[in-house]
Amino acid sequence: MSIAVFLAILIILAAASFFVTAANKKAGGFATVAVSLFALAMVLSMKGSVGGEQSFMYLGFSITTVGWYFSVVMLTAYSMTSFFNPFWMKKMIYPAGYNFLYLVSMAGTIGMFFAGDFITLFIFWETVVWSSAFIIQQGKSRKASYVYYVLSAVGSMATLFAIMLAYSVSGTFVIRDAFTGLAGSPGTALVVFLAFILSGLSKMGIFPFHVWLPEAHGSAPHTFSPVLSGGLVKMGAFIAFLSVTAFPAYEIFGDMLKIMGIPAPIYFLMLLGALSIIIGTLMAIKQEDAKRLLAYSSVANGGYILIGILMLDQVGFAGGMMHLMNHALASAAAFLAIAAVAYRTGTTKMSEMGGMIHRMPVTYLVYLISIISMAGIPPMGGFVSKWLVFQGLADKGLLFIAAAAFFGSIGSFMYVFRPLSAVFLGQLFTRDKDVREVGFFMMFPMVVLTLLTLAAGVFPNIILRVVTEIQKSAGIEPVTLARNTIVTTNGFLDAFRVFIVFGFGFAIAFVLFIVRRKSRKVGLMDTYTSAEFIHTPELLHYSHSFYAPFERLYDKAPDTMNMYKKISAGIAELGGLVEAVFYGGKPAKTIFWIMAAGMVFFLAGGVFR
Amino acid sequence: MNSMNSMISDIKAALSPLETSEPAFRQIAAVVKPDGIHGALAYLKNKGFTQLCILTCIDWIEDSQFELVYILFSWTDGIHIQLRARIDREKPFFTTVTDIFPGARYYEREVHEFFGVEFCGNEDLYKPLFLELWDDIPPLRKDFDPQAYSDSKFPMRENANEFLSMTGGGDDE
Amino acid sequence: MNAMNFVYGFLVLVAVFIFQTTLTGINRKVTARLQKRYGARWYQQFLDIFKAMRKDSTSHGWVFDFGVIMALGGIMATVIFIPVAGFEAFPGLDNVFVISYLLAVGMLGMAMSAAGSGNPWASIGVARALTNMLAYDIPLMIVIFTMIFAFDSASVGELAAMQQGMGVLGWNAVRMPLGGIVAVIALLGMLGKKPFDSFIAPAEIASGPMVEYGGKHLGFMFILHEFMTFIEVSLILNLFFGGGATIWEYMLKYAVLYTFTTIISGVMPRFKIDQAVKYFYRVPLAMAVVQGLVVIFTGLGVKIWF
Amino acid sequence: MVLDEKDNRSPWEKIGDYFSANSVWMKWYCTGCGAIEMPPTMTSRFDMERLGMGPMATPRQADVLLITGYLSTKTLRRVIYSYEQMNSPRYVVGFGSCTVNGGIYYDSYATINRLDMYLPVDLYIAGCMPRPEAIMNGFAKLIDMIKKGEARGWRHYQENYEWYKKNQLDSLGEVIIKDEFHE
């Protein structure tokens with residue numbers, strides 16, 4: 001089936017789901033499950049037809065390994081999250097619209113990843129931005145949707161500008177040709193490169209565009225946050241990938257100033273990635289809302305992905321590409337777990353919950369494994385990809401970026417542990433005594449994602465084999481893979497053996513534990529309280545400002561959102577001034593100024609031609 | 001000593017106490033009528049006695065009276081003032097001073113718990129403060145017999161030989 | 001990978017336990033002598049552990065037990081990966097990042113179990129421990145990163161072997177003097193020794209994460225602590241002090257390094273946790289960055305060395 | 001409890017008791033003035049660590065509950081709560097004459113007179129207050145008793161739980177109560 005037909009079918013199905021939902025909400029939710037699973041199956045089956053070029057009217061498609069890989073990541077997030085849709089329909093304002101846009105944005109991402117030229121890319125990009133913006137505003141606040149849309153628009157306009165500029169030089173819209181045509185004029189190439197990657201940065205939430213993530217992730221409907229974090233953020237990674245591979249950045253900037261062997265513009269972008277790791281980590285540590293916390297963690301992880309992809313080498317690049325998959329799996333699972341808790345308790349504020357492990361053990365395990373992966377601890381997938389990024393950085397000696405990467409890695413222990421401790425561990429609140437585990441249908445996607453995360457950690461080569469194909473297609477040396485082993489210049493990693501030895505240690509500990517006498521079970525409230533009698537579990541639960549002494553060290557730091565607010569206030573003031581001077585209530589005055597401005601432009605054009 | 005003398009004369013003029021004395025260095029004691037306590041406390045707080053160090057009570061069982069003692073301290077002058085007032089022991093009711101010194105809330109509860117004086121207007125008065133599950137007359141009243149209470153509640157050790165076994169445990173169950 | 005590897009791994013665990021527990025006992029004596037006391041018997045630590053294992057215990061639910069098992073399991077797996085004087089039970093798995101992140105499994109398990117007890121003091125202790133980790137790890141990782149860049153290897157065993165043969169002058173602590181100082185300070189933080197022991201502060205937060213442990217759970221925590229100490233000291237020993245060519249040299253150096261940290265901590269007061277963070281991000285971090293820049297840009301100490 | 005009870009411990013229990021005897025961790029319940037005698041016992045002059053003893057932070061970790069002085073009814077409730085949080089085998093040492101027979105507070109309305117009515121005391125150290133020498137002597141005795149399996153107070157408590165509970169309720173009304181500061 002050609003891509004165009006496939007997309008057309010998806011859009012028709014999306015429209016169908018609109019009507020199904022209008023008739024029966026729950027059935028509409030199940031329709032999204034069926035459609036997204038169908039899309040996933042279709043894309044998985046497309047692996048064989050890699051390399052094909054297709055076109056349909058003005059749209060051009062090319063099936064590449066990287067597009068396939070990204071689509072699989074995206075559709076995994078979409079299809080797994082869709083299992084939650086049927087149960088959340090009654091909480092939506094416009095359920096029919098939600099389902100329709102959910103599927104349209106999904107179709108848009110597929111179209112974008114398989115785009116063969118810039119026009120196609122841009123059209124589908126905008127489809128996704130628009131449809132997701134309308135979904136986000138169905139959540140808690142509309143403001144979040146504005147922030148998301150404005151920052152996306154900044155990126156989109158920059159991309160459009162870059163595409164047009166590239167077209168004006170090389171005369172084609174086909175992605176690879178348009179960029180390689182720029183090789184002759186490095187000045188233009190730099191502008192195109194920076195403008196093009198801007199949309200990627202804004203989508204991935206790289207500093208200083210990270211402000212939309214906590215707003216959008218935090219207030220989007222609980223069923224859309226996993227897609228946003230696990231899927232849509234990765235569109236930015238795709239743009240970053242195009243910027244360094246289709247756009248041969250290393251070759252075009254080869255003559256520029258180099259820092260540790262990296263051309264200055266790329267090094268600058270890496271520094272932005274490093275900054276977002278640090279800022280994402282620090283901000284995540286002090287969040288009180290679980291979803292905002294995970295959103296900031298996406299900022300930090302976006303930094304790893306960007307750094308990895310920009311390195312464009314044998315090891316670090318593979319790490320970045322693999323981290324994309326691992327983060328999508330782990331982050332979607334973590335968001336789903338939080339959504340499951342919110343489904344039962346109705347809140348995502350960490351200080352309003354506690355001890356959910358005693359009521360929702362499966363959700364707890366899902367969350368645990370996903371955060372182990374996010375923090376980069378073996379034997380989960382996140383460890384392998386972070387390991388590759390570290391090895392790549394160590395190979396190149398990028399000290400400051402590595403320092404940020406280490407900071408983000410250790411800092412992530414802090415922030416991922418916080419929801420674990422505050423939501424799942426600790427005292428069970430009186431209000432939540434009767435909470436039950438979510439049903440099988442909601443548990444299923446979480447468990448699948450968890451198993452995939454574990455599989456990515458134990459058999460990383462399954463994913464890395466695809467990554468090597470991408471590396472080959474991008475013209476760089478692929479990472480060396482032996483059976484179960486990843487080999488780099490600085491040493492090798494056998495994830496399977498690490499897992500086995502971990503299991504060995506665990507087995508010894510387990511045997512040692514069970515041979516000793518069984519322990520006496522006591523209640524959660526029967527804890528050491530300096531022998532004082534406490535009867536209220538809420539008072540015995542430590543969750544609010546968890547890292548208070550650490551947060552105090554940087555609570556005076558400037559906030560990026562405030563900076564944007566100041567700028568917007570300044571622009572509003574300027575607009576007021578312009579209005580007062582040029583409009584003033586009399587249309588004639590306005591027309592006069594427009595004509596005057598036009599005259600000036602014409603004259604100037606005549607003079608400077 | 002000038003500040004002390006002027007303070008005493010001020011107090012005499014303003015509060016017209018029944019009696020004043022200087023029990024110790026930089027301490028003034030003034031006995032006032034029970035209905036004068038409120039005015040006296042407000043007056044003294046204005047004069048800089050911002051801290052209520054303690055509110056306590058003495059059981060004058062022969063006179064059938066309770067004596068309430070308010071001790072105030074001035075951080076500007078470094079002077080303690082005791083305000084004393086006697087109320088009827090049979091009808092131990094008094095008004096709260098929490099409107100002047102909010103911290104008196106706990107002192108009044110303590111006095112209520114140990115002497116049975118009721119302070120009208122204190123909302124928390126009947127919550128237990130120190131004594132948990134107390135089941136007798138207030139323990140610091142002179143007519144309370146601690147020995148009898150102790151004997152009835154807490155068993156004594158009866159014979160000295162038992163102690164020699166050094167193992168304790170309930171031999172006498 | 002065959003059965004012999006697992007047998008070796010098990011023997012390593014037993015040997016490490018005996019060695020480290022004895023050394024801990026001796027170090028208790030050293031601390032006592034610093035305080036002009038006679039001190040406990042040298043085998044006191046064994047008695048304490050076996051006593052704890054013998055007692056009954058209380059459990060606060062399955063995560064309380066599971067966390068303890070996961071912690072000890074993760075830590076024991078890490079011990080097996082540590083190369084000791086060229087010997088590894090599972091050859092080739094001694095990557096620095098694997099060891100330092102596998103160590104985190106143990107810590108996560110312990111934190112999970114502690115917070116699962118429902119005691120707020122445990123959570124406070126865990127919060128402090130994680131903050132402490134963020135403080136000491138960054139300077140240390142920068143120095144280790146520099147070392148990996150300079151020597152083109154991330155294998156602890158290889159890095160240790162490279163330092164041997166030149167005597168004291170071959171040690172990375174001498175080649176990179178600032179890095180060596182950072183490593184020793186970070187070791188104090190890793191071991192939770194004074195002045196960086198605010199997360200177990202017994203009188204203040206009732207021993208923090210350990211607050212609810214008793215009986216076999218506490219015994220597990222003690223065993224875990226012995227293994228963790230071994231991993232941390234061994235890591236620094238292998239990376240900065242040349243490991244050991246023979247097992248005896250290794251043990252001797254290990255004992256000296258560990259006793260040195262004990263002596264330092266014996267005369268130190270305690271930092272508050274935010275003071276610890278500030279300290280690590282001022283002095284050791286600056287030293288680590290300077291060391292890193294020197295090695296990366298000039299090669300002084302690594303490429304240029306005799 | 002009787003001293004000449006036959007020693008019917010299994011070999012495993014004997015080994016266990018050997019460990020318990022040589023590693024005695026204490027939880028001091030600093031109820032009264034006696035706590036001030038502990039620091040000299042612990043520090044360099046008397047150094048109780050050489051007997052394998054040491055202070056512990058919480059009752060869960062400790063083997064010995066040390067009641068250092070008089071017990072008001074209010075503290076007795078907390079002491080019983082702490083004791084029940086400890087893991088067996090657990091021992092109680094009464095410290096000073098107040099725990100033996102009420103001491104100078106024999107007629108107080110607020111303090112109890114005999115600790116062994118409420119908790120199974122394995123050993124009393126008499127004195128008001130006992131000096132560190134006496135404390136060391138008492139600890140040596142306790143260690144000896146544990147080694148010989150004579151410190152069986154915790155078992156006694158389990159077996160005669162109703163008796164202890166009745167005494168506790170008679171004197172205290174209720175052990176676990178609600179108070180205003182924590183609700």
Side-chain angles (χ1 to χ4, degrees), chain C residues 21 25 27-60 64 114 117-122 125 197 199-222, chain D residues 9-28 30 35 38-65 82-91 136 143 146-147 149 154-155 157-158 182:
Chain C
T21 311
N27 271 274
R28 278 174 75 170
K29 202 122 187 146
V30 170
T31 313
R33 289 297 160 88
L34 280 178
Q35 297 167 347
K36 293 194 174 173
R37 288 189 289 119
Y38 182 76
R41 290 154 290 209
W42 67 267
Y43 54 91
Q44 184 65 48
Q45 196 72 7
F46 287 102
L47 296 177
D48 287 353
I49 291 172
F50 293 143
K51 191 265 325 241
M53 293 300 277
R54 182 246 172 161
K55 284 187 77 173
D56 285 356
S57 60
T58 42
S59 163
H60 287 271
F64 190 71
S117 71
N119 195 313
W121 272 316
D197 68 336
F199 58 93
I200 43 160
E204 186 198 349
I205 51 171
S207 68
M210 314 268 276
V211 59
E212 280 298 313
Y213 294 111
K216 66 177 172 184
H217 293 85
L218 188 62
F220 265 59
M221 282 295 134
F222 271 81
Chain D
R9 294 174 295 160
S10 69
W12 283 114
E13 274 180 302
K14 278 185 186 163
I15 295 171
D17 280 343
Y18 169 77
F19 290 135
S20 285
N22 285 301
S23 157
V24 181
W25 292 342
M26 301 174 301
K27 171 80 194 153
W28 314 340
C30 302
M38 292 310 296
T41 320
M42 212 175 71
T43 48
S44 46
R45 173 119 185 240
F46 294 96
D47 184 24
M48 69 187 177
E49 201 196 1
R50 68 201 155 91
L51 299 181
M53 307 189 81
M56 272 290 152
T58 76
R60 299 265 190 230
Q61 304 165 347
D63 307 308
V64 177
L65 186 62
S82 290
Y83 180 74
E84 287 181 355
Q85 282 187 337
M86 288 170 70
N87 295 313
S88 334
R90 49 193 172 177
Y91 316 102
M136 291 304 283
I143 287 171
I146 297 174
K147 207 174 274 174
W154 56 281
R155 228 166 244 163
Y157 189 75
Q158 274 171 4
H182 297 97

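What's counted below: heavy atoms across the whole structure, side chains too, no hydrogens, waters or symmetry copies. All figures in this text were calculated on a predicted structure; none of them were measured in a lab. Each chain gets a letter, A, B and so on, in the order its sequence line appears, and its residues count up from 1.
- Heavy-atom pairs under 4.5 Å with chain D peak, among C:A52, C:G215, C:G39, at C:G39.
- Taking the ring centre of C:Y38 as origin, the terminal cationic atom of C:K29 falls inside the region bounded by 6.0 Å and 45° from the ring axis.
- The parts of D:W25 that come within reach of chain C are both its backbone and its side chain, each placing non-hydrogen atoms under 4.5 angstrom from that chain.
- A salt bridge links D:E13 with D:R155: at least one charged nitrogen is closer than 4.0 Å to a carboxylate oxygen.
- Most heavy-atom pairs under 4.5 Å with chain D: of the set C:Q44, C:R54, C:Q35, this distinction falls to C:R54.
- Looking at C:L218, only its side chain comes within 4.5 Å of chain D, counting heavy atoms on both sides.
- Of the listed residues D:P89, D:P59, D:P55, D:S88, the one with more heavy-atom pairs under 4.5 angstrom with chain C than any other is D:S88.
- The most heavy-atom pairs under 4.5 Å with chain C, out of D:D17, D:V24, D:T43, D:I15, come from D:D17.
- Taking 4.5 Å as the limit, some side-chain heavy atom of C:F64 sits within range of a side-chain heavy atom of C:E212.
- The candidate with the highest count of non-hydrogen atom pairs below 4.5 Å against chain D, out of C:M53, C:H217, C:K51, is C:K51.
- Only the side chain of D:Y18 comes within contact range of chain C, with heavy atoms under 4.5 Å apart.
- Put simply, of D:G52, D:G54, D:A62, the one with the most heavy-atom pairs under 4.5 Å next to chain C is D:G52.
- Residue D:L51 touches chain C through its backbone alone, counting heavy-atom pairs closer than 4.5 Å.
- D:A21 does not touch chain C: none of its heavy atoms, backbone or side chain, sits under 4.5 Å away.
- Taking a cutoff of 4.0 Å between a charged side-chain nitrogen and a carboxylate oxygen, D:D47 and C:K36 do not qualify as a salt bridge.
- Highest contact tally toward chain C, considering only D:M86, D:Q61, D:Q85, D:M53, is held by D:Q61 [criterion: heavy-atom pairs under 4.5 Å].
- Here the side chains of D:S20 and D:Y91 are in contact, with some heavy-atom distance below 4.5 Å.
- Between C:D48 and C:R28 there is a salt bridge, with a side-chain nitrogen of the basic residue lying less than 4.0 Å from a carboxylate oxygen of the acidic one.
- Judged by the 6.0 Å distance and 45° axis criteria, D:R90 is positioned over the aromatic ring of D:Y83.
- Of the possible polar contacts, none joining the D:K27 side chain to the D:R60 backbone as a donor-acceptor pair under 3.5 Å is found.
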